[in-house]
Amino acid sequence: MKYLQSGGNAMEEPIIVLELEYNQWLDLCTEKFGLQRYRTDQICQWIYQKKVFNIADMTNLSKELREDLVYKLLILPPMLVRQEISKDGTRKFLWQLRDGERIESVLLSHGNHMTACLSSQVGCPLACSFCATGQGGFVRNLSAGEIVGQFLAMEKIAGMDINNIVFMGMGEPFLNQEALFKSIRIFNDPKMRGLGARHMTISTSGIVPGIQALIKLQMPVKLSVSLHATNDELRNKLMPVNRQYPLGALVDALREYQTATGDRITIEYVMIDKVNDLVEQAYELATLLNGLSVYVNLIPYNPVEGRFKRSSAGRIKAFSAVLSEMNIEFEIRREKGSDINAACGQLRRRDGKDAKN
Ligand code: SAH
Ligand code: SF4
């Protein structure tokens, strides 16, 4: 789409600012727009610090410059379709992207700290049998700007800084590695959002080359792995990705990551009634993780359309007692936002159904 000036000359398409990392932004502003460096930094401050997404409102730029840039730059965070606030303060956002696709983000608060849970894809191709996103199929990858936009829009709506990011929303982050890493650089850059890499966590279903790429990135971004099963037979059924990257290869990659970074790894383990919550499986889990420095999150399963049930408190307790005995550190995650369908993919799914009814 070309924008027409009143005289009828076709103008260049506007540039989507959130897609650019700092060096690209700087090159654009200095080379194409002839701006001085401090100006490019001022605009960054408006966007990434003050969350002002309209060039016309950037009041320390001259009126002429604003009028010029307004046609050349688009900031365009995602559009809010719906927000739901849980009794425990968890907020869930449904966004619409420029092409009409919809994604979700979640904002979790714990004391003064807030954590944003961001989506990396529209849907997910990995089809885990317990996951609403996985059951809904895959549409496309998000761009770096669409990942960054979720975060900035939430900060604007919340009216405060968000301290942590987890890439734990819809999609498999390592299947969208390029945009993921670019968004991390944008979040991290001191001239842009300036969020420490240690405040970002990637959650993966176990994409081995992604874990290896994270080692090479050499930024202290944290790693969380969705394990959910302790042997290949069960994991193949729950998470088809296990056929491509079986547990042996996954654990080897985790060892590689730990040797390279020294960082503790979080293990996510969704507790599903009589499927993966057996006491024998707790021993199997401890054996599998032997030698790794891990922190296990036991997550009560959030039921998605009837197939599985959540483990009872008693079964979770018995499972966790084995982990204690085996000296594995763990936490039984308090469920957040269950009253608003905070498990990934549920809001979009329900919304899709609402729309069809
Ligand atoms: N694809 C990545 C990140 C997004 S999924 C991954 O799998 O890690 C984020 C987390 O939500 C994963 O640990 C996933 O297993 C978990 N999850 C998915 N569906 C769930 C449900 N119904 N109840 C509880 N956790 C769920
Ligand atoms: Fe995809 Fe993660 Fe859901 Fe599996 S759990 S389908 S990898 S989003």
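Counting starts at 1 for both ligands and their atoms, in listed order.
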**Item:** Which of the ligand 2 atoms, numbered from 1, are nearer than 4.0 Å to a heavy atom of L126
**Value:** 7 (S)

**Request:** Please work out whether any backbone atom (N, CA, C, O) or any side-chain heavy atom from C-beta onward of T204 is under 4.0 Å from ligand 1, and answer side chain, backbone, both or neither.
**Result:** backbone

**Asked** Under a heavy-atom criterion of less than 4.0 Å, does C128 contact ligand 1?
**Response** no

**Prompt:** Which pairs with one or both residues in residues 128-175 pass ring-ring contact (aromatic ring centres under 6.0 Å, His included), sequence neighbours excluded?
**Reply:** F130-H228, F151-F187

**Complete:** A student checking ligand 1 against G171 at a 4.0 Å heavy-atom cut-off should list atoms 1 (N), 2 (C), 3 (C), 4 (C)

**Message:** Suppose I only count heavy atoms of V304 and a 4.0 Å limit; which atoms of ligand 1 are within that range?
**Reply:** 22 (N)

**Request:** Check for a donor-acceptor pair, side chain of Q121 on one end and backbone N or O of P173 on the other, with a separation under 3.5 Å.
**Result:** no

**Message:** Is it true that Q281 and T230 share a donor-acceptor pair across their side chains at a distance under 3.5 Å?
**Reply:** no

**Item:** Nearest-option assignment for atom 8 (S) of ligand 2, heavy atoms, candidates G134, G171, S119
**Value:** G171

**Complete:** Note: ligand 2 atoms sitting under 4.0 Å from heavy atoms of S205 are 7 (S)

**Prompt:** Hey, are E268 and R333 close enough for a salt bridge, meaning a charged N less than 4.0 Å from a carboxylate O?
**Reply:** yes

**Asked** So which pairs with a foot in residues 186-214 pass salt bridge (Lys or Arg N to Asp or Glu O under 4.0 Å), sequence neighbours left out?
**Response** D41-K191, E155-R193, R198-D263

**Prompt:** For atom 5 (S) of ligand 1, which candidate among S119, S120, G169, A132 provides the closest heavy atom?
**Reply:** G169

**Request:** Would you tell me which option among Q135, M168, H228 has the nearest heavy-atom contact to atom 14 (C) of ligand 1?
**Result:** H228

**Message:** Taking atom CG as the centre, does N112 end up with more than 12 heavy-atom neighbours from other residues, nucleotides or ligands that are less than 6.0 angstrom away?
**Reply:** no

**Request:** State whether the shortest distance between N or O atoms of Y301 and N or O atoms of ligand 1 falls below 3.5 angstrom.
**Result:** no

**Message:** On a heavy-atom basis, which atom in R310 and which in P303 lie closest, and how many Å separate them?
**Reply:** NH2-CD, 3.6 Å

**Asked** Considering only heavy atoms of S205, which atoms of ligand 1 have at least one such atom less than 4.0 Å away?
**Response** 6 (C), 7 (O), 8 (O)

**Request:** For the pair K63 and E67, find out whether any cationic side-chain nitrogen is under 4.0 Å from an anionic carboxylate oxygen.
**Result:** yes

**Request:** Using the salt bridge (charged side-chain N to carboxylate O under 4.0 Å, His left out) rule, pick out the option among R102, R98, R140 that qualifies with E146.
**Result:** R140

**Prompt:** Out of L126, N302, L238, whose heavy atom is nearest to atom 24 (C) of ligand 1?
**Reply:** N302

**Item:** Geometric N/O contact F130 with ligand 1, under 3.5 angstrom
**Value:** yes

**Prompt:** Can any side-chain N or O of K51 pair as donor or acceptor with the backbone N or O of Y48 at less than 3.5 Å?
**Reply:** yes

**Request:** Just jot down the ligand 1 atoms closer than 4.0 angstrom to any heavy atom of C131, in number order.
**Result:** 18 (C), 19 (N)

**Prompt:** Of the backbone and side-chain N, O or S atoms of C131, does one lie nearer to atom 4 (Fe) of ligand 2 than 2.8 Å?
**Reply:** no

